[in-house]
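Here is how names work: the chains are called A, B, and so on, in the same order as the sequence lines, proteins then strands, and each is numbered from 1.
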Amino acid sequence: MRRDWKFYSQLGLTIVLCLFIVVPVVMSALAGVTVNVFQGLSSGLTFRWIIEVWDLYTASILLSLWIALVCLAVTLVTGVPLAYVLVRRPGRLTRLFEELLTLPVAIPGLALALALLITYGGVSGYRSSWLFILTGHVLFTLPFMVRSVAAVMSAMDMKMLEEGAASLGAGFWRRFFTVIVPNAKPGILAGALMVVTLSIGEFNLTWMLHTPLTKTLPVGLADAYASMRLEIGSAYTLIFFVLIMPLLIAMQTLADRGKRVSKRIETAEDTL
Amino acid sequence: MTTQIKLRDCAKTFTDGTRALAPFDLTIEGGETIVLLGPSGCGKTTILRMIAGLEFPDKGGVITFDGDDVTHQSIEKRRVGMVFQSYALFPNMTVAQNVAYGLKVHGVSREESDARVKAMLEMMHIEMLADRAIDQLSGGQRQRVALARAIAVQPRVLLLDEPLTALDAKLRVRLRTEINALLRKLGITAVYVTHDQEEAMALGDRIVVMQKGEIAQIGTPREIYCKPQNPFVADFVGAANLLDGQMRDGRLHIGNHVFDAVDAFDPRHGAIIDQGPVELFFRADGLSTCDAAHAHFTGRVEAVSYLGERLRLTVSGIGMHAVMIDTHADDIITAGADVHCQINPDRLTVFPARGDSTTAVSQAR
Amino acid sequence: MSWAHNIKEGRSRPSFPFGFSRQATPGVGSPAILAMLMMPGIIIVAAFFLIPLALVAMRVADGPDGWATYFVILTNARYFASLVQTLVMSAGVTLTALVLCAVCGLFLVRNRFAGRNVLTALLTLPLSFPGTVVGFMVIMLAGRQGVIGSISDAIFGEKFVFAYEISGLFIGYLYFSIPRVILAVMASAEKLDPQLEEAARSLGAPTWRVVKDVILPGLMPGLISSGAICFATAMGAFGTAFTLATDIDVLPMVIYTEFTRNANVAVAAALSIALGAMTWAVLFAVRCFVGSSADVAPRGGA
């Protein structure tokens, strides 16, 4: 294709946009390993800030990972069957429920948190435990799991596959676990990555729901930004990036592979 | 091991109130291949799904396999083998795993299952595909795997739901021949659903022609072809030409011509049609071209198609609709010419006239 | 004859809710099993979403002004100003993001060049950054030690610092909006039928006409639905404003202050419900307008 000024001006805009996104990320990463930000890189590199963050915030980081994993487990157990029913039995009630399920995404986290606080804020054992935060995260991430799984499920002819399995003698649970779930795997995987990533980064809800003893990673981040020196905040951000990056890359790879597979199916030809 | 299947008083009304099937009885003998034939929407697939256990008949209907009442048994308990139009192979398993699935469900031991899978794949000539993923297979290969999978569990009845429809024409004929040979070899009771009458003729021991949720005729391919019992069957199995006539005192009048020896037995009423308006169905060989002197009719050629061994003329001006006439391939006839033709009364199928329902048949086609 | 035309062979698609009927489709899982499958989800949504939401709605009535509190967002000048500011801000960010991402997204989908995948990956990087991190990124960009400040200092001898103003907030909102919108634009650009464009060109249409008549209409559903998501996110965004910690009065910040500093639960709840209802209404309207085709893959059948 001929490359004219149009190509290069669009490329230019895209690069500017990329710089807009990437420069602050790189800056903060660098600031996190710089001895003194105010003097710049010339002051030398150090792991001091990272170690300091680790000392200060290990508990928050680990709590975040723990909540993300439990949140994943809960959304898997509830979300996959839910997606199955929504796809398999389309009807007015399921439609309504689907709409209901998108609400936690539409309604600002702050409002959701407020509702939870007003309802369960008085249950002291629950209010002060990590389970309270988990509740918020499950509500917020469940729609993503359901959506992701339902999208894959409705793309395959589930009714036909199930009838095939049933004709071979397989009962419902056997069909569910040997045919439905394995074939929905790409959706489940994508949903799982999404849930973990969102849960680790969730702030709006968590800030309202946390207690001094149940701080998650982003809560700690806000704390560090507000009250620590810039280098500490940067180092903490760097740790967050390191945690989240593999998840993002995995998500992207998964999406690309999905595209390739669907292309291969289209080109399967009939040679007996 | 062949299973006799009986359906008694089976009807089907869907939950939204539409009547898919009027009550009917059907007996499928052990080892017999029954073909359910009809246009889409006639209820043939519903019958198949009832036998499978994917639909239950309305209250009062009874389905038995060798005398065992299976009416309320769900599909997974019925031990049926089913082959779907779009294969329904499990994409998360290899070819061998697909074939082994039913065996695993039935608790067949590992060694026996492996041996059975191997035998099945060999029988379907796809042993080299055993470890392939489903999305690497062509349509024809997929259908072979689907067949192997359905047969592997040694089902009481093999149910095939338009298995060849998704394939291209050449492959369809080839697989049809193979399926035919397979069914004879296994001697299994089989129900085959199709809308293709050629497929039905080639495969069926008996054919059930369906129309609008009712059984129009049950018979061997020869009976269906030569002795259609009603205009719908005649029309559907390919006797597409239609002329109007009158019976007067047992003699057939078409226009000014009178024919004596006509088989005007109406199977539905079990009586000879003696009087009244009739409809005459016949194939392209029911009329033949001749010289003007012997002609019963003269029509105008609308179109000529060259079919290799013969020419097929579309001729207007003889009946209400254009009729097809076959003639020698080396005749030189062009569109627009007049053509004289003779009727062969032996080839006519006579039914009492239906009045305005004539149009319904042509719509159904 | 009339019913015969309604038969869909072997495919009973009941219009009943759930299609739960004793004989609907046997062998596919009984109603009891399906209900059991849905139960955990229903319990979670009911106990932790529906009931709390209802309670919040009730709580509003307990405030000094009773049910009138719901209208406080319109009657109180400060809240109303904040609402307007939030709306204008969200709409502005949405529009900007849509324009930028439409250009770049189309460019990335339609051109193949070295580094293309890297650019795509980088643009979608902040997809799951929490608001606080985005706020921090704005500080890195336009704060006292920010890049823009350093550059302007070197060139003009003066530091441009605007992270803590409304323009900083705008930058922040743009920062988290770009990945969402660009993904949606690229997804719908990939679905565009190149034959349509070729047909338009073969009919002699110049480039701008092709863009206006073929490409934009094709992208529109994707643009509208991603715009809606972007708008909704911006309306509810809290972390960014929180980190930039200025006196910027976006609605979520107002709610937060009312709840924590002033302990004015009723007003906070009323504002939350108003905010939630508005955001949901926008999303719902868009879904009705574009149709659910934008985000729900086609249902199997046929």
Under 4.5 Å to a heavy atom of chain A? For B:I134 that would be neither

Give a yes or no on this: more than 12 heavy atoms of other residues, nucleotides or ligands lie within 6.0 Å of atom CD of B:E122.
-> yes

Approximate separation, where rounding is to 0.5 Å, of B:D161 CG and A:M160 CE | 7.5 Å

On a heavy-atom basis, the closest approach of B:A150 and A:L168 is CA-CD2, 4.5 Å

Where on B:V80 is there a heavy atom nearer than 4.5 Å to chain A: the side chain, the backbone, both, or neither?
-> both

Rounded to the nearest 0.5 Å, how far does OG of A:S167 lie from CG of B:L159?
-> 8.5 Å

If only atom types and distance count, is the side chain of B:N92 paired as donor or acceptor with the main-chain N or O of A:V181 below 3.5 Å?
-> no

Straight-line distance of B:L54 CG to A:E162 CD, nearest 0.5 Å = 10.5 Å

Which pair of non-hydrogen atoms, one from A:G164 and one from B:F90, has the smallest distance, and what is that distance?
-> C-CZ, 4.1 Å

Salt bridge flag under 4.0 Å for residues B:E76 and A:R174 = no

Which distance, rounded to the nearest 0.5 Å, do you find between the NZ of B:K104 and the OG1 of A:T178?
-> 7.5 Å

If you count heavy-atom pairs under 4.5 Å with chain A, which of B:R78, B:M93, B:R149 comes out on top?
-> B:R149

